[in-house]
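Okay, handing you the structure first.
Counting convention: from 1, in listed order, for ligands and their atoms alike.
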Amino acid sequence: MDLYQPDVVNVNGEDFRVYLTHEEIQQRIKQLGLILSNDYKGKQPIFIGVLNGAYIFLADLMRYVTVPCEVDFLKLSSYGDEKVSSGQVQDLKEIDANLKDRHVILVEDIIDTGLSMKYLVEKVKKKNPASLSVITMLHKAEATQHDVQIDYTAFKIPNLFVLGYGLDYAQEGRNLAQIYIPDVDNK
Ligand code: PRP
């Protein structure tokens with residue numbers, strides 16, 4: 001079976017075109033896996049994935065990490081089905097693992113305004129981890145309004161709506177193997 005990676009795709013009535021290819025994404029994640037494996041030697045980190053968006057990035061990233069590690073998830077929502085943040089973060093699922101004295105790595109698909117990650121870092125710090133770092137697949141630096149901790153970034157991207165590879169548009173499109181942006185020329 002081939003991965004789902006068309007050049008152009010229509011999601012919820014809008015056209016999107018490829019911005020980052022499957023190969024580009026995988027190559028960068030492989031590099032980050034190597035860096036994390038070095039940085040966390042002997043530390044048995046626990047990756048905390050932010051559902052829903054981060055599940056695909058986290059699944060691929062962890063398979064390039066060659067030191068013993070663990071995983072857990074939490075779920076936040078600030079966008080609902082919209083393209084613009086509601087400005088409020090909601091806890092939809094809590095972390096089950098005990099993070100006290102653990103080396104915690106928070107994993108996001110995207111840091112946009114920075115609101116979700118700022119909220120999350122403050123929340124996890126209260127659990128007294130041994131260390132806390134943040135990795136994001138995408139960072140929309142121009143859109144970030146909050147002073148947020150980011151230790152590892154796969155790709156810095158312009159201030160455009162992005163879709164695919166875990167990221168949705170009204171819950172659709174997460175299964176695309178590449179990252180897409182609006183295809184404005186196709187209107
Ligand atoms: C997205 C993304 C981050 C957040 C980033 O989540 O996964 O958690 O928005 O935006 P911010 O930096 O402006 O806070 P979303 O609420 O869309 O939920 P989802 O991951 O389930 O799609």
Next item on the list: For ligand 1, note which part of Lys75 has a heavy atom under 4.0 Å away: side chain, backbone, both or neither.
Entry: neither
Note to self: I need the full list of salt bridge (Lys or Arg N to Asp or Glu O under 4.0 Å) pairs touching residues 43-64, with sequence neighbours left out, sorted by first then second residue.
What the structure shows: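 Residue pairs with at least one partner in residues 43-64: Asp60-Arg63.
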Checklist line | Tyr55/Phe73 aromatic ring centres below 6.0 Å | finding: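 For Tyr55 and Phe73, the ring centres are not under 6.0 Å apart.
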Notebook entry, point to check: Which of the atoms of ligand 1 are close to Gly114, meaning less than 4.0 Å from one of its heavy atoms?
Noted result: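 Close to Gly114: 11 (P), 12 (O), 13 (O).
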Next item on the list: Could you tell me whether Ile110 approaches ligand 1 through its side chain, its backbone, both or neither, with non-hydrogen atoms closer than 4.0 Å?
Entry: both
Checklist line | Within-shell test, Arg174 vs ligand 1, heavy atom, strictly < 4.0 Å | finding: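 True for this residue.
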Margin query: Looking at Asp91 and Lys93, would you say the former's side chain and the latter's main chain have a donor-acceptor pair under 3.5 Å?
Written below: no
Margin query: Is it true that Ser131 and His103 share a donor-acceptor pair across their side chains at a distance under 3.5 Å?
Written below: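 Side chains of His103 and Ser131: pair found under 3.5 Å.
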Notebook entry, point to check: Counting heavy atoms only, which part of Gln88 comes closer than 4.0 Å to ligand 1: side chain, backbone, both or neither?
Noted result: neither
Margin query: If the cut-off is 4.0 Å to any non-hydrogen atom of Glu108, which atoms of ligand 1 fall inside it?
Written below: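 In order of number, 2 (C), 3 (C), 7 (O), 8 (O).
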Note to self: Over 60° means perpendicular and under 30° means parallel, so tell me whether Phe16 and Phe161 are parallel, tilted or perpendicular.
What the structure shows: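 Tilted: the ring planes of Phe16 and Phe161 meet at 30° to 60°.
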Next item on the list: For the pair Lys123 and Glu94, find out whether any cationic side-chain nitrogen is under 4.0 Å from an anionic carboxylate oxygen.
Entry: yes
Notebook entry, point to check: Which residues satisfy the salt bridge (charged side-chain N to carboxylate O under 4.0 Å, His left out) test with Glu23, sequence neighbours excluded?
Noted result: none
Notebook entry, point to check: Counting from 1, what ligand 1 atoms have a heavy atom of Thr113 closer than 4.0 Å?
Noted result: 11 (P), 12 (O), 13 (O), 14 (O)
Next item on the list: With heavy atoms only and a cut-off of under 4.0 Å, state how Asp168 meets ligand 1: side chain, backbone, both or neither.
Entry: side chain
Check: Hey, is Met117 one of the residues with a heavy atom under 4.0 angstrom from ligand 1?
Finding: no
Margin query: When you compare ligand 1 with Val50, is there at least one nitrogen or oxygen pair between them that comes in under 3.5 angstrom?
Written below: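 In this structure, Val50 places no N or O atom under 3.5 Å from an N or O of ligand 1.
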Item checked: Main-chain N/O of Arg174 paired with Asp168 side-chain donor or acceptor, under 3.5 Å ->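 No, because the side chain of Asp168 does not come within donor-acceptor range (under 3.5 Å) of the backbone of Arg174.
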Checklist line | Contacting atoms of ligand 1, where contact means under 4.0 angstrom from a heavy atom of Asn52 | finding: 19 (P), 20 (O), 21 (O)
